[in-house]
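Report on one structure; see the data block that follows.
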There are 2 protein chains.
Amino acid sequence: MTRTETAPERAARAIRNLIKSNGLGPGDSLPAQRELAATLGISRASLREALATLEAMGLIRVQAGKGAYVADPHDGMPRDDNQKRQAAQVYQFRLAIEPYVAGLAAQARTRDHLIALQRSIDDMQTAFEADDLITAANADTEFHEILLSASGNPLFAAAIFPTAQTIHENQMLPFANAAAIKAPLREHEQILRYVRDRNPSGARDAMHFHVLSAATRANIAFLRP
Amino acid sequence: MTRTETAPERAARAIRNLIKSNGLGPGDSLPAQRELAATLGISRASLREALATLEAMGLIRVQAGKGAYVADPHDGMPRDDNQKRQAAQVYQFRLAIEPYVAGLAAQARTRDHLIALQRSIDDMQTAFEADDLITAANADTEFHEILLSASGNPLFAAAIFPTAQTIHENQMLPFANAAAIKAPLREHEQILRYVRDRNPSGARDAMHFHVLSAATRANIAFLRP
DNA sequence: TGATACAACTGGTCAGACCAGTTATGGGAA
DNA sequence: TTCCCATAACTGGTCTGACCAGTTGTATCA
């Protein structure tokens, strides 16, 4: 039997669509609860349950007396007005996870992973040639996601998930510096080589270098153990 | 002004504590909503909002007509029936994160962190002497959580959160072997020593050893990069 | 003994009320 | 005219009490 979708579930999905289709960005406000409930044809109680789940997911932020707003992805983490510092935390985080994951991937990868990794590199190359930095950044992210999945341990992907958006944004930073634009491409190729050759320590070091280089390109410094 | 905590927020935290302190595991059922609301001194509406956030966080699962249950953390991630394999993934994950975090903590810790770490060690000791393995396991988890916070990078805590329950479960496994019961205690003390002395590489190695030892005690083997 | 019907649960949803903050507005005082 | 402040009209936060729809245990009847 296909379990019936609950009213708050339906509402939560509707609100997410509303945010998307209306192109609402961080800080933009949602309709008032009484109005939104009426629009969706549900009670305010159900609406509030939907809002509670969306808030738990970090998509919105609700303030008493004021309203509900589309959340800034950075708001889920402790106050830190300093942009640079946030970026530093992201790179610090990546430096912990990604070299390790690359080492695992070098051992656990299948032929399909290699193909997918190569394609993401090709996509990135093509995007660069077309000056399409958005697509290039997407390809960049994709490369890392494939490695994540190639590691064979779903916990890493689960761990990255909450910070995925922050990480992606950060991955675009380096591209602001047009001069060093091809460097990440070569670094990806180097990583892929080690992963293909099943050389964990090589992959690990190459990824370590890649993350540190990306930080340097973005002019970010941070504490390392 | 310190923004007042909302009733559902308070309730969510209370329920999480309830799960912890009662040692509820996956599949165990929570009290009925009417009863739980009365216990917490809030309305069912507020209680339901709390449950909605907990469900969004993947901590519980609510079924109409039946009840609310502590969720299996592995639901929502790729099927993997093999218990041993799940445990291996957890240790593999911890081995990536925790030594790195320990290294950071050794540099960023404050005096308060040291005090808290020492207390968690003392609690664990006391619990062992009282043969209270549940409390001991809680103290064990607490030690690691304090280090997480001492690292100064909230991303690590955020990353660990989704798998926190799995990790906690795993941390209890070693205690099944009564012989080696004091080992983790000594390992924690060793880590604390390095953290106190601001020795990152020492802390890192000690934590590496600690995680590997825990895995060995639990008779778990896994791939390392 | 076994099947069934009922009672007593469970969560899902709603309407409507009231409180406590926030904000816009309009009327006075300077 | 300009500025300030009281107030009205919002906003979300919370509660009560009701009813519906599933699930489950139990007692009754064949």
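Order of the sequence lines fixes the chain letters, A, B, ..., with proteins taken first and strands second; residue numbering starts at 1 for each chain.
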| task | List for me each residue that meets side chain to side chain donor-acceptor pair (under 3.5 Å) alongside B/Glu142, sequence neighbours excluded, and say none if there are none. | result | none
| request: Apply side-chain contact (heavy atoms from CB on, under 4.5 Å) to A/Ala68 and list each qualifying residue two or more places apart in sequence or on a separate chain. | output: A/Leu30, A/Val62
Heteroatom pairs (N/O) under 3.5 angstrom, protein to nucleotides 5-7 of chain D:
none

| note | Across all chains, not counting sequence neighbours, the side chain to side chain donor-acceptor pair (under 3.5 Å) partners of B/Ser149 are none
| said: So for the helix from C/dT1-D/dA30 to C/dA30-D/dT1, with five pairs setting each end axis, what is the inter-axis angle to 10°? | reply: 10°
| request: List in chain and number order the residues that pass side-chain contact (heavy atoms from CB on, under 4.5 Å) with A/Ala45, two or more places apart in sequence or in another chain; answer none if no residue qualifies. | output: A/Ser43
| request: Assign a letter to each nucleotide of nucleotides 10-21 of chain D from its 5' end: B, base within under 4.0 Å of a protein heavy atom; S, sugar-phosphate only; -, no contact. | output: -BBBBBB-BB--
| request: Only counting residues at least two apart or in another chain, list the ones meeting side-chain contact (heavy atoms from CB on, under 4.5 Å) with A/Asp28. | output: A/Leu24
| query | For B/Asp122, what residues pass the side chain to side chain donor-acceptor pair (under 3.5 Å) criterion, not counting sequence neighbours? | reply | B/Gln118
| Do the two ring centres, one from A/Tyr100 and one from A/Phe156, sit under 6.0 Å apart? | yes
| message | I'd like to check the salt bridge (Lys or Arg N to Asp or Glu O under 4.0 Å) partners of B/Arg13; sequence neighbours left out, ordered by chain and number. | response | B/Glu5
| request: Report the residues that fulfil side-chain contact (heavy atoms from CB on, under 4.5 Å) with A/Leu223, sequence neighbours left out, ordered by chain and then residue number. | output: A/Gln92, B/Leu104, B/Gln107
| task | With sequence neighbours excluded, tell me which residues meet salt bridge (Lys or Arg N to Asp or Glu O under 4.0 Å) with B/Arg44. | result | none
